[in-house]
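This report refers to the structure that appears directly beneath it.
Bear in mind the structure is a predicted one, so any value in this text is a computation, not a measurement. Protein chains get the first letters and strands the later ones, always in sequence-line order, with residue 1 at the start of each. Basis for what follows: all heavy atoms, side chains included, without hydrogens, waters or symmetry-related copies.
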Amino acid sequence: MESPSKVKPILPWWAGGLGIGLVLIVAVALVQPIGVSTQYVVFDGVLLRALLPAVAAQSPYLEETAEGWSLLTYEFMFVLGVPLGAFMAALATGRLAWRGVPREWSSRFGPSPGRRLAWSFIGGFILLFGARFGGGCTSGHMISGLSQLAMSSLVFSSTLFVSGIVTARWLYDRRSR
Amino acid sequence: MKLLLGLVLGAAFGAVLQLSGASSHTKITNALRLRDLAIIKLILAAIGAGLIGVHLLDAAGLANMQVKDLYLPGVAIAGLIFGVGFAVTGYCPGTALAAAAEGKVDAWFTVVGGLFGAVIFAFLYPELEAGLLSVGRFGPVTLHRALGISGALMAVPLGLLCLWLAARLPEKGGLS
């Protein structure tokens, strides 16, 4: 279980927000807006093509998304950079820690790792299914899209927050009812 | 060179996510429960800075814009699905990668689950494309163009509003 000091972030909200804003602005000036979820499809495509090329060939969506079936692209390197940067930041601030079951989860659903890991998997499945369905995730739609005043991103972000809030309150607050 | 730039920008993004608590399951779920609004303030600040910076770049002709297509009700349903996953895992596709790198084993499962969700979507795409995704297509529409005004004229005041809201929102939510 995490101690409260480990949960308290190093950067205050405004530094985090302006930092993300700055990454977006530099990315838009030099290449294109930021995005993450497409690269899950690209990775799937490259992996599937290496393991089961006949199956991969059946999906025009995979072929279109993983153009050239390569991971050596600017977009994939950006996404690869995310865990790299997070790892280095956690290492530099002494925050690397093995943890399977988060505090909020165990106080509501108990400390069983199996249960948490299974729901993490299911949640991740739903998350990326929704992201690909909508054409983006928190990075691509909310940060990049809203900054460009995209209507599609406004719709996606609004319904995302409504369902996220309803689900989170239903999941985690039932005990207090 | 471009590959290295991608890696450096991504690493900066990942480091900020980690250092600001955006990759923390506790911070995200408490934000969605409206108990701890730090992440909401962070997102508002990021969008506020983004709106102003991106549209000033665009006004100077220096922005590489990429606006996503609007399709209704598809995008709205997708957001609803995404929100459920967001609340269940407490991570988004980007922060799951950051949390995984910090040693959060549950985030690894979110990433692997995400890879499965993405590939299943890829194989369902032909049917979805012919059905739900084919209705209500509006293309890459933006608020400012729909109103017939310049982007910066709308984005700068809206960006300032986001930054003001971010500063004004209390860190501790009212619902606890």
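The choice from B/A22, B/A96, B/A87, B/A99 that makes the most heavy-atom pairs within less than 4.5 Å of chain A is B/A87. Among the candidates A/T167, A/L149, A/L146, the residue making the largest number of heavy-atom pairs closer than 4.5 Å to chain B is A/L149. No other option in A/A131, A/G85, A/G136 has as many heavy-atom pairs under 4.5 Å with chain B as A/G85. Contact tally against chain B (heavy-atom pairs below 4.5 Å) for A/L154, A/L62, A/T138, A/L22: the top residue is A/T138. By number of non-hydrogen pairs under 4.5 angstrom with chain A, the leading residue of B/C162, B/G53, B/G50 is B/G50. Per-residue counts of heavy-atom pairs under 4.5 Å with chain A were compared for B/K41, B/K2, B/E102; the largest is that of B/K41. Counting heavy-atom pairs closer than 4.5 Å to chain B, the top-ranked of the candidates A/T65, A/V28, A/I10, A/I20 is A/V28. When each of B/G159, B/A118, B/G114 is scored by its heavy-atom pairs under 4.5 Å with chain A, the top score falls to B/G114. Interface summary for chain A: among B/L72, B/I40, B/V105, the most heavy-atom pairs under 4.5 angstrom belong to B/V105. Counting heavy-atom pairs closer than 4.5 Å to chain A, the top-ranked of the candidates B/P93, B/C92, B/A107 is B/P93.
Within the structure, ring-ring contact (aromatic ring centres under 6.0 Å, His included) contacts touching residues 143-167 of chain B (residues at least two apart or in different chains) are B/H55-B/H144.
Taking CZ from A/F156 and CD1 from B/I77, the interatomic distance works out to 12.0 Å, rounded to the nearest 0.5 Å. Note: A/I126 CD1 to B/T110 OG1 = 10.5 Å, rounded to the nearest 0.5 Å. Between the CD1 atom of B/I28 and the CD atom of A/E104 there is a distance of 12.5 Å, given to the nearest 0.5 Å. Summarising the geometry, atom CZ belonging to A/R95 is positioned 7.5 Å from atom CG belonging to B/L19; distances are rounded to the nearest 0.5 Å. With rounding to the nearest 0.5 Å, the separation of OG1 in B/T26 from NZ in A/K8 is 14.0 Å.
For the pair A/L127 and B/F82, the minimum side-chain heavy-atom distance is below 4.5 Å. Between A/L24 and B/F13, the closest side-chain pair of non-hydrogen atoms is not below 4.5 Å. Counting heavy atoms from C-beta outward, A/W105 and B/H25 have side chains that approach closer than 4.5 Å. Contact annotation: the side chain of A/S152 never approaches that of B/D69 to less than 4.5 Å [non-hydrogen atoms, C-beta and beyond].
Under the 4.5 Å side-chain heavy-atom criterion for grouping Ile, Leu, Val, Met, Phe, Trp and Tyr, B/V16 is connected to A/L30 within one hydrophobic cluster. Note: the hydrophobic cluster containing B/L124 does not contain B/V135 (ILVMFWY, side chain heavy atoms under 4.5 Å, direct or indirect links). There is no path of hydrophobic side-chain contacts, each under 4.5 Å, that joins B/I149 to B/V67. If you chain together hydrophobic residues whose side chains sit under 4.5 Å apart, B/L97 and A/L128 fall into the same group. Hydrophobic cluster membership is shared by A/L18 and B/L51, with clusters built from Ile, Leu, Val, Met, Phe, Trp and Tyr side chains linked at under 4.5 angstrom.
With B/Q18 contributing its side chain and A/F87 its backbone, the two residues share no donor-acceptor pair below 3.5 Å. In this structure, B/S20 contributes its side chain and A/L11 its backbone to no donor-acceptor pair below 3.5 Å.
When all heavy atoms of A/P33 and B/Q66 are compared, the closest pair comes out as CD-CB, 3.6 Å. Here the closest heavy-atom approach between residue B/F123 and residue A/S59 is recorded as CE2-CB, 3.6 Å. Scanning all heavy atoms of the two residues, the minimum distance from A/A86 to B/A101 falls at CB-CB, 4.5 Å. In plain terms, the two heavy atoms of A/F129 and B/L128 that are nearest each other are CZ-CD1, 4.4 Å. Taking all atoms of both residues into account, the shortest heavy-atom contact from A/G130 to B/A78 is O-CB, 3.4 Å.
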Discussion item. Between B/N64 and A/V31, is the side-chain contact (heavy atoms from CB on, under 4.5 Å) condition met? List the steps.
Written reply: CA-CA 6 Å; B/N64 301 290; A/V31 192; 5.6 Å; no
Discussion item. If you apply the rule side-chain contact (heavy atoms from CB on, under 4.5 Å), what do you find for B/D106 with A/R99, and how did you get there?
Written reply: CA-CA 8 Å; B/D106 59 333; A/R99 202 269 282 122; 2.7 Å; yes
Worksheet entry | Worked verdict on B/T142 versus A/Q148 for side-chain contact (heavy atoms from CB on, under 4.5 Å) | CA-CA 7 Å; B/T142 55; A/Q148 295 177 85; 5.6 Å; no
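Both the backbone and the side chain of B/I47 come within less than 4.5 Å of a heavy atom in chain A. For chain A, no part of B/V8 is nearby; none of its heavy atoms comes within less than 4.5 Å. Neither the backbone nor the side chain of B/L56 has a heavy atom closer than 4.5 Å to any heavy atom of chain A. For B/L4, no part lies under 4.5 angstrom from a heavy atom of chain A. With a 4.5 angstrom heavy-atom cutoff, A/V166 does not touch chain B via any of its atoms. B/E171 touches chain A through its side chain: at least one heavy atom from C-beta onward sits under 4.5 Å away, while N, CA, C and O do not. With a 4.5 Å cut-off on non-hydrogen atoms, B/A100 does not touch chain A at all.
Residues passing the side-chain contact (heavy atoms from CB on, under 4.5 Å) test with A/I165, sequence neighbours excluded: A/F161, A/R169, B/L32, B/L34.
Using non-hydrogen atoms only and a strict 4.5 Å limit, the part of residues 114-123 of chain A facing chain B consists of A/R116, A/L117, A/W119, A/S120, A/F121, A/G123. Contact annotation for residues 34-44 of chain A against chain B (heavy-atom separation below 4.5 Å, listed by residue number): A/I34, A/V36, A/S37, A/Y40, A/V41, A/F43, A/D44.
Ring planes of A/W98 and B/W108: perpendicular class, angle over 60° (limits at 30 and 60°).
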